[in-house]
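A short worksheet on the structure shown next.
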2 protein chains.
Amino acid sequence: MKNNNQKKEKVNLFQKLQNDLSRIINETPPGERLKSEPELSADLGVSRATLREAMRSFEGQGLIRRRQGVGTFVLDRNQNIETGLEVLESIETLASRLGLEVRMGFLEVNQLAADEAMAAKFDLSLKSPVNRIARVIWISERPVAYLIDNVIPQVISLEELDDTFTGSVLDKILRRNSPELSFSKTTVSATPASPAIAKKLQLQRDDVLLKMEAYLYTKDGAMIDYSESYFIPGFFRFQVIRSIGNQNPGNG
Amino acid sequence: MKNNNQKKEKVNLFQKLQNDLSRIINETPPGERLKSEPELSADLGVSRATLREAMRSFEGQGLIRRRQGVGTFVLDRNQNIETGLEVLESIETLASRLGLEVRMGFLEVNQLAADEAMAAKFDLSLKSPVNRIARVIWISERPVAYLIDNVIPQVISLEELDDTFTGSVLDKILRRNSPELSFSKTTVSATPASPAIAKKLQLQRDDVLLKMEAYLYTKDGAMIDYSESYFIPGFFRFQVIRSIGNQNPGNG
DNA sequence: AATAGCCTATTGTCAGACAAATGATTTTCG
DNA sequence: CGAAAATCATTTGTCTGACAATAGGCTATT
């Protein structure tokens, strides 16, 4: 009996591979070549086929460039956070995937009573309690984003927001795997910085911000989190693949 | 005399596979299962390993969900897309779909020589001609957007931009159905209005604009149009559905 | 010195095999 | 008979080894 796999943990091999490969890519200076695929697969203990799936995934994220006959090269990320909008992930998860060092500043947690607008969003009655979690995200000693989550206490109570809280409501819900999430409906816009936000982000008032409003839904169809996010444009590039719609069949 | 923009017949196998697979996914109703990987790879004429690289790429975009022992399923990515970003359409088509009356002002058409940045985008040589089409969009007697298309002359020549031209490069290409389009890679950002654009949109300088940069690709994988679009935020709200990444393996 | 051809390293693709997970089916047994 | 256990078929996950295609460097020839 040939057994080349002594022990396989329950964790997803592919995810572990993605982490390892992500680390290697991040540790490699932009423009440099990675080791060859046979070498890497040997180093990482996976087959070349599996490694190539991960490579393809990173290529799709614009982190590497593969050239047949030459090698695989690390692209210059230019300290930009560039990500697809199709999949929702926390900025902390995104940053660690990109090898950027982020830290959180100015965590503010309040419980407030729902005003009319908020009550309507959550389909709650007026003055129901809503937990508001606001934070500033720093990258390389500069504030780059301001994020506000409004979440109903049934999903995240104030007691849960202890030392272990990283700041990301999304990550917390995902980690405990309850409730099961389905999708987020996000609206993209632009806005001048209000005085309050400008101060937090060390900007001038009315400087330009990219704004996203997101409604997070569970598989039951309940809306459990309404967030407003403000990004300094220079640091963030959000991508989306737009497919070609059904053409007008009338014209042939 | 050597224009290397002509595509070799031997197009990227992976790109072709992505197109085929994309069509299959789009034709499959959400929630339905795709054929098994061995079947699909046989249908599409590629090996299972290559197919799986493409699958991984689509999984990363949140289009499908794969479950070991069960199959691969098409996710429901458009619960409600009204002005969603998922599908590319011209602003003229969008407006007519919404019953808005739009008109075009300030159509400007130039031919310019590609500078370094533009040449790199199109993979052309320096100073190759590029046609630039800029226009202002008006809705209800107010300018609301400024759109710039840069397109290679092989796709749209200056002679084609006659009276019948509505202003939309996208619509023109779609109407004549050549070349066949595949998708657009769009980046969303925010920017203050430059003096030139502010004047065209009747704004103050440094007023906030939503900016989109889009690269339009044909089914051959060639990039044929690079566009910059500036929208006044109050008039546009772009939505996108973001699915939850599969953080938890094999847990139905 | 310039050029054409060869060599080698690297990614691209393939075929086949087995492992692991899942849901349906059949068997076992109280 | 009914429920639990075992079995089976299907499907994705991963591995192995091989060959093709490409690019860049090296060498021999002119």
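Reminder, nothing fancy here: chain letters follow the sequence lines and each chain counts from 1. Because only heavy atoms are used, hydrogens play no part in the values below, and waters and symmetry mates are left out as well, while side chains stay in. Please read all numbers here as calculations on a predicted model, not as lab measurements.
- At the phosphate of C/dG23, OP1 or OP2 sits under 4.0 Å from a side-chain N or O atom of B/Arg67.
- The nearest whole Å value for the distance from the CD atom in B/Glu37 to the C1' atom in D/dC15 is 15 Å.
- Comparing D/dT16, D/dG24, C/dC14 by their nearest atom to the side chain of A/Val70 picks out D/dG24.
- Atom CZ of B/Arg66 and atom P of D/dT11 are 15 Å apart (whole Å).
- Between B/Arg52 and C/dG12 there is no side-chain N or O to OP1 or OP2 distance below 4.0 Å.
- Closest to the side chain of A/Pro38, out of C/dT11, C/dC14, D/dT11, is C/dT11.
- Atom CG in B/Leu51 sits roughly 10 Å away from atom P in C/dC14 (whole-Å rounding).
- One can place CG of B/Leu40 at 12 Å from C1' of D/dT11, the figure rounded to the nearest angstrom.
- With respect to the salt-bridge test (charged N to carboxylate O, under 4.0 angstrom), the residues B/Arg56 and B/Glu53 do not qualify.
- Where B/Thr50 and A/Gly69 each meet DNA chain C at their nearest nucleotide, the meeting point lying more 5' is that of A/Gly69.
- Distance from the side chain of B/Thr72 is smallest for D/dT12 among the nucleotides C/dT22, D/dT12, C/dT10.
- One can place CD of B/Glu59 at 11 Å from C1' of D/dG13, the figure rounded to the nearest angstrom.
- Taking side-chain N and O atoms only, B/Arg56 has no distance below 4.0 Å to OP1 or OP2 of D/dG13.
- Of all the heavy atoms in B/Leu216 and B/Ser184, the pair that sits closest is CD1-CB, 4.1 Å.
- One donor-acceptor pair, N or O on each side, does fall under 3.5 Å between the base of D/dA21 and the side chain of A/Gln68.
- Across all strands shown, A/Arg65 has no heavy atoms under 4.0 Å from either base or sugar-phosphate atoms.
- B/Asp149 and B/Ser227 make their closest contact through OD1-CB, 3.5 Å (heavy atoms, listed as atom of the first residue, atom of the second, distance).
- Between A/Glu92 and A/Asp171, the shortest heavy-atom contact is CB-OD2, 4.1 Å.
- Comment: A/Arg52 engages A/Glu37 in a salt bridge, judged by a side-chain N to carboxylate O separation of less than 4.0 angstrom.
- For B/Arg33 and D/dT10, the CZ to P distance is 11 Å, given to the nearest whole Å.
- One interatomic measurement links the two molecules: CG of B/Leu17 to C1' of C/dG12, which rounds to 13 Å at whole-angstrom precision.
- Atom pair B/Leu34:CG and D/dT12:C1' shows a separation of 13 Å (rounding to whole Å applied).
- Dashed line: the shortest gap from a side-chain N or O of B/Arg48 to OP1 or OP2 of C/dC14 is not under 4.0 Å.
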